[in-house]
K.L.:
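First the structure, which I've put down as structure tokens, then a few questions once you've had a look.
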Protein chains: 2
Amino acid sequence: MRNSQWSPGSTALLPAVAVDLVVFTLIEGRLQVRLATRDEEPFAGVLALPGGFVRSDENLDEAAAREFVEETGLARLRTHLEQLRSYGDVARDPRGRAFSVAYLVLAPGVPDPVPGTEPARSRWLPIEAALASRLAFDHAAILRDGLDRVRGKLEYSSLATAFCPAEFTVAELRVVYEAVWGRPLDPRNFHRKITGTPGLLVETGRARREGPGRPATLYRAGLVNTLNPPLTRD
Amino acid sequence: MRNSQWSPGSTALLPAVAVDLVVFTLIEGRLQVRLATRDEEPFAGVLALPGGFVRSDENLDEAAAREFVEETGLARLRTHLEQLRSYGDVARDPRGRAFSVAYLVLAPGVPDPVPGTEPARSRWLPIEAALASRLAFDHAAILRDGLDRVRGKLEYSSLATAFCPAEFTVAELRVVYEAVWGRPLDPRNFHRKITGTPGLLVETGRARREGPGRPATLYRAGLVNTLNPPLTRD
DNA sequence: ATAATAGTGTCTTTTAGACAATATCAC
DNA sequence: GTGATATTGTCTAAAAGACACTATTAT
């Protein structure tokens with residue numbers, strides 16, 4: 001593609017700009033990240049974050065949303081999408097100078113895997129396995145930054161609700177925290193803390209009966225999205 | 001400049017990539033930001049953040065550091081520099097597609113202004129004045145984001161020490177918080193909180209006598225840079 | 001009835017914030 | 001001395017975290 005805006009006389013560097021996505025979801029109570037096996041050089045056969053080049057007629061957020069749909073095949077509905085940070089080291093792409101704007105994406109309601117299905121080119125990987133895998137380019141650093149962001153943001157925001165379906169129980173929300181932080185939380189203190197923050201959750205009036213035990217109240221995410229005082233990881 | 005890495009057959013968009021700097025300092029106990037009057041179109045005569053294009057042989061952090069020195073004339077020593085976020089809306093630059101990676105820069109020890117000096121093309125502006133001014137491109141949004149970042153990060157980090165000289169008193173550090181947050185803090189509770197976080201500050205053994213009153217102990221920034229539990233703004 | 005999960009109450013420890021009291025200086 | 005700033009101590013209210021207890025279901 002010819003560059004139609006910046007004249008050859010300009011002093012500006014003209015690199016490629018891509019978006020890369022750190023897409024998290026919860027499957028079977030465990031935090032999972034979306035990775036795809038590359039089928040082209042460089043890094044053919046190596047796992048990489050989903051992503052692609054930004055087009056000339058789209059904003060960064062739009063490029064991230066488009067790549068999310070293209071690469072995961074999931075519906076854009078109810079996904080949380082926020083910019084993470086940018087990566088632009090001179091040598092990060094052996095093909096030449098390339099910038100990447102990374103996005104953090106949280107996708108709720110991903111279908112459970114069908115047992116016996118062979119792993120496709122693009123698939124979900126538990127976070128521990130992803131961190132231990134070799135990733136293409138600087139994607140290991142990007143994944144690390146995305147994980148740090150989501151872990152930190154659960155402390156002081158309602159971000160955890162982005163992992164849940166439209167209606168959810170306090171226990172489901174607690175499982176999100178436990179999966180992301182990798183440690184158990186006291187269900188009773190968690191319940192008091194979450195329901196005690198005005199506006200964070202809205203009762204639907206209905207309840208869900210799931211196996212034995214008292215039915216759990218169903219909530220929707222409220223308009224308040226700051227958790228003050230915060231939940232602490234320690 | 002010819003683009004030497006991405007062939008014309010590539011599908012990648014080739015835009016210009018710049019760094020823009022939100023440079024804060026404290027002058028006369030007030031938070032100030034560095035702005036320059038543009039002398040070229042577009043936005044000739046309008047205030048803008050310092051910044052410039054990334055060169056082909058430098059990383060993003062290096063470009064930010066270089067632009068800081070070039071545009072402010074200040075020494076790079078003891079400045080804090082961290083990436084803020086990136087901006088890439090299709091229409092953000094009327095000359096064509098352009099991305100900007102914004103950086104937050106904290107510069108300590110800026111000399112007090114000489115009264116009677118006419119304002120130069122590049123100068124410090126109190127934050128309230130800067131927020132009320134018309135800024136070029138999307139620089140008002142970038143400034144806003146930079147201010148939010150520094151305000152938020154004072155709560156849970158040692159970032160405020162980046163506004164101070166190498167050795168400073170607890171009162172100097174408190175003035176930083178008061179200037180950035182725009183509200184007074186109780187000197188006694190602040191002192192107890194800051195000095196009670198192990199590793200955050202290191203006593204130099206010396207003290208500073210400044211006018212009347214008991215001399216203040218001089219500290220250096222310690223190795224710990226997380227404030228736990230945090231200071232709250234409310 | 002029993003086991004399981006949801007939700008409330010109670011207690012102890014920690015922290016925030018208000019503010020009294022003391023320490024050490026310039027004048 | 002007086003006035004100013006630094007630093008420590010004390011008190012109260014709020015919150016965290018541990019955990020007993022009650023509520024409501026499936027079996």
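Keep in mind that this is a model prediction, so the values were computed, not measured.
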K.L.:
Just the rounded figure in Å: distance from C1' of D/dT7 to CZ of B/R192.
P.N.:
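It works out to 11 Å between those atoms.
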
K.L.:
Would you give a per-nucleotide map of nucleotides 21-27 of chain C, 5' to 3', where B means the base has a protein non-hydrogen atom under 4.0 Å away, S means only the sugar-phosphate does, and - means neither?
P.N.:
--BBBS-

K.L.:
Return the value, rounded to whole Å, for the distance between atom CZ of A/F190 and atom C1' of C/dT5.
P.N.:
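After rounding, the reported distance stands at 15 Å.
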
K.L.:
Does the pair A/R85/B/E82 count as a salt bridge with the N-to-O cut at 4.0 Å?
P.N.:
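Looking at B/E82 together with A/R85, the answer is no, because their closest N to O distance does not fall below 4.0 Å.
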
K.L.:
Aromatic rings B/H139 and B/F137: how do their planes relate, parallel, tilted or perpendicular, breaks at 30° and 60°?
P.N.:
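Judged by the thresholds at 30° and 60°, the geometry between B/H139 and B/F137 is tilted.
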
K.L.:
Could you check how far OH of A/Y219 sits from P of C/dA6, rounded to whole Å?
P.N.:
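Rounding to the nearest Å, OH of A/Y219 and P of C/dA6 are 11 Å apart.
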
K.L.:
Within this structure, what is the CG-to-C1' distance between B/L201 and D/dT7, rounded to whole angstrom?
P.N.:
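So the two atoms are 14 Å apart, to the nearest Å.
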
K.L.:
Does the side chain of A/V33 reach to within under 4.5 Å of the side chain of A/V23, using non-hydrogen atoms?
P.N.:
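In short, these two side chains do not touch, never coming nearer than 4.5 Å.
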
K.L.:
Side chains of A/D20 and A/Y87: donor-acceptor distance under 3.5 Å anywhere?
P.N.:
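The answer is no; no qualifying pair exists.
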
K.L.:
Does a side-chain N-to-carboxylate-O contact under 4.0 Å join B/E178 and B/R174?
P.N.:
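Salt bridge: yes.
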
K.L.:
Would you call A/E71-A/R34 a salt bridge at under 4.0 Å N-O?
P.N.:
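A salt bridge is absent here (no side-chain N lies under 4.0 Å from a carboxylate O).
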
K.L.:
Mind calculating the distance between CZ (B/R208) and P (D/dT7) to the nearest angstrom?
P.N.:
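The distance from CZ of B/R208 to P of D/dT7 comes to 12 Å, rounded to the nearest Å.
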
K.L.:
Taking atom C1' of C/dA6 as reference, at what distance in whole Å does atom CG of A/D186 sit?
P.N.:
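So the two atoms are 13 Å apart, to the nearest Å.
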
K.L.:
Does a nitrogen or oxygen in the side chain of B/H191 sit under 4.0 Å from OP1 or OP2 of D/dA6?
P.N.:
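Result: no.
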
K.L.:
So A/T161 and A/F168, do their side chains get closer than 4.5 Å, heavy atoms only?
P.N.:
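In contact.
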
K.L.:
Would you jot down, in residue-number order, the residues of residues 152-183 of chain A having a non-hydrogen atom under 4.0 Å from DNA chain C?
P.N.:
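Contacts with DNA chain C under 4.0 Å: A/A171.
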
K.L.:
Between the side chains of B/S157 and B/N225, is a donor N or O closer than 3.5 angstrom to an acceptor N or O?
P.N.:
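The criterion, which ignores hydrogens and geometry beyond distance, is not satisfied for B/N225 and B/S157.
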
K.L.:
Need one value for B/T195: base, sugar-phosphate or nothing, where a base atom within 4.0 Å counts as base even if backbone is also close, heavy atoms only.
P.N.:
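The residue B/T195 makes no contact with any strand.
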
K.L.:
For A/R206, which residues count as a salt bridge (charged side-chain N to carboxylate O under 4.0 Å, His left out) partner, sequence neighbours excluded?
P.N.:
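Counting only residues at least two positions away or on another chain, A/R206 forms a salt bridge (charged side-chain N to carboxylate O under 4.0 Å, His left out) with A/E167.
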
K.L.:
For A/N189 and C/dG9, what is the distance between atoms CG and P respectively, to the nearest whole Å?
P.N.:
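So the CG-P distance, A/N189 to C/dG9, works out to 14 Å.
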
K.L.:
Taking 4.0 Å as the cut-off, does a side-chain nitrogen or oxygen of A/T217 come that near to OP1 or OP2 on C/dA6?
P.N.:
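Answer no for this pair, as no side-chain N or O of A/T217 is under 4.0 Å from OP1 or OP2.
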
